[in-house]
2 protein chains.
Amino acid sequence: MLSNTCRYAVRSIIYIGIKSSVDQLINVKKIASELDVPMQFLSKILQIYVKAGILKSFKGPTGGFSLALDPYSVSLYELVKIIDGDQIFETCVIGTKPCYSKNSNSMKCPVHDQYSAVRSQLTEFFKNETLGAIMDNYANKTDDFLML
Amino acid sequence: MLSNTCRYAVRSIIYIGIKSSVDQLINVKKIASELDVPMQFLSKILQIYVKAGILKSFKGPTGGFSLALDPYSVSLYELVKIIDGDQIFETCVIGTKPCYSKNSNSMKCPVHDQYSAVRSQLTEFFKNETLGAIMDNYANKTDDFLML
DNA sequence: GGATAAAAAGATTTTAAATTCCGGTGTTCT
DNA sequence: AGAACACCGGAATTTAAAATCTTTTTATCC
């Protein structure tokens, strides 16, 4: 469904959202060990989000990462799209090409009509689920009760 | 979503379902050129389905493949599971582990509750969509109107 | 039986994703 | 200033998926 890279990425952003704040940054070493993700690799991934403006980064001792935006304005959709692109939101399950056209004159994959309902629900889920909402979800629960 | 291999596989099975019959087998060369899939690679994939009992194969001239079962008894779910496994039906979007447990005492991924509805709809789609239904769908339409 | 056609199977290569290595740059602290 | 720390960025390596090569087996037709 999502690439390895992308799942690491989203989990890390959530972790940063929960654990960091303006005065409390969190560094790659910590994230990597907590989420059990190879550190150097994670570093690369976070760089992508920094460039995309999702994260802010600070160098030196006391350095680390924090969210750059209001978490309620960041959807899973955006986070995924930055890493994996929008293929899963645009293409049919079996097809390789877009095949989501409104005009019925173009090519359709064999399960286009049946799958499009599923795909739009999937897309809606990703678009509606914000980082903020996920973070709130954690407030009620104990830490080790959840999988990150 | 699905692996390259798996999409080739499903498309080929559909093609075989439509084009072949008991007295009219269809060979890899034909399928590969029609669906634009590397022939030798496709050959390997079809072997998996033969072993799984989904396809029947015959060697020699006039040889080729045909369905081994009633197409209405074969779901997309089975076809996908044989190639890609059941990961997409069992795991949460962000997590790596199952996390679909009924008892709320075990670990849950951050979006478990919200995603599970989407996942079950996805799973239902794959389970309900049979090869037979897809084949019927073709009966009404012209060939080059669809994407295979 | 020999030529031909097609699947089966094992080994190998190619490609892309995942991961690591390493030198560089900016920051903080003493 | 200088040491330590943490992010940055390019290159190289590893791993797994995708694709190809080659040989073998089986069946058909003349």
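In the text below, chain A, chain B and the rest are named by the order of the sequence lines, each starting its count at 1.
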Assign Lys51(A) to base, sugar-phosphate, or nothing according to its heavy-atom contacts below 4.0 angstrom with the strands shown.
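Sugar-phosphate contact only - Lys51(A) comes under 4.0 Å of backbone atoms but never of a base.
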
Expressed in angstrom and rounded to an integer, what is the separation of [X] atom [atom1] from [N] atom [atom2]?
X: Asn27(B); N: dT26(D); atom1: CG; atom2: C1'; result: 15 Å
X: Leu2(B); N: dA17(D); atom1: CG; atom2: P; result: 15 Å
X: Lys56(B); N: dA27(D); atom1: NZ; atom2: P; result: 15 Å
X: Asp84(B); N: dA16(D); atom1: CG; atom2: P; result: 16 Å
X: Phe65(A); N: dC5(D); atom1: CZ; atom2: P; result: 17 Å

Do Ser43(B) and Gln40(B) have side-chain atoms, one donor and one acceptor, less than 3.5 Å apart?
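Judged by distance alone, the side chains do not pair up.
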
Return yes if some donor-acceptor pair links the side-chain N/O of Glu34(B) with the main-chain N/O of Ile31(B) below 3.5 Å, else return no.
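No; zero donor-acceptor contacts below 3.5 Å.
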
Check whether any side-chain heavy atom of Phe65(B) sits under 4.5 Å from a side-chain heavy atom of Leu25(B), and report yes or no.
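In short, these two side chains do not touch, never coming nearer than 4.5 Å.
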
How many angstroms lie between atom [atom1] of [X] and atom [atom2] of [Y], to the nearest 0.5 angstrom?
X: Leu55(A); Y: Leu46(A); atom1: CG; atom2: CG; answer: 6.0 Å
X: Asn137(A); Y: Ile18(A); atom1: CG; atom2: CD1; answer: 9.5 Å
X: Ile88(A); Y: Arg119(A); atom1: CD1; atom2: CZ; answer: 11.0 Å
X: Tyr15(B); Y: Leu42(B); atom1: OH; atom2: CG; answer: 11.5 Å

Nucleotide range of DNA chain C lying under 4.0 Å from chain B heavy atoms
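Both ends considered, the range comes out as dT4(C) to dA11(C).
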
More than 12 heavy atoms of other residues, nucleotides or ligands under 6.0 Å from CG of Asp36(B): yes or no?
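No, because the 6.0 Å sphere around CG of Asp36(B) holds 12 heavy atoms or fewer from other groups.
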
What nitrogen or oxygen pairs link the protein and nucleotides 18-21 of chain D at under 3.5 Å?
{"unit_1": "dA18(D)", "atom_1": "OP1", "unit_2": "Asn4(B)", "atom_2": "N", "d": "3.1"}
{"unit_1": "dA18(D)", "atom_1": "OP2", "unit_2": "Thr5(B)", "atom_2": "OG1", "d": "2.5"}
{"unit_1": "dA19(D)", "atom_1": "OP1", "unit_2": "Tyr8(B)", "atom_2": "OH", "d": "3.3"}
{"unit_1": "dA19(D)", "atom_1": "OP2", "unit_2": "Tyr8(B)", "atom_2": "OH", "d": "3.2"}

DNA chain C: Gly60(A) or Gly64(B), which has the more 5' nearest nucleotide?
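First, find each residue's nearest nucleotide; the 5'-ward one identifies Gly64(B).
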
Think Gln47(A) has a side-chain N or O under 4.0 angstrom from the OP1 or OP2 of dC7(D)?
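For dC7(D), neither OP1 nor OP2 has a side-chain N or O of Gln47(A) closer than 4.0 Å.
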
So does Thr62(A) get a side-chain nitrogen or oxygen closer than 4.0 Å to the phosphate oxygens (OP1/OP2) of dA6(D)?
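Answer no for this pair, as no side-chain N or O of Thr62(A) is under 4.0 Å from OP1 or OP2.
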
Between Lys81(A) and Phe126(A), does the side-chain contact (heavy atoms from CB on, under 4.5 Å) criterion hold? Intermediate values first, please.
CA-CA 10 Å; Lys81(A) 194 172 175 179; Phe126(A) 278 92; over 6 Å; no

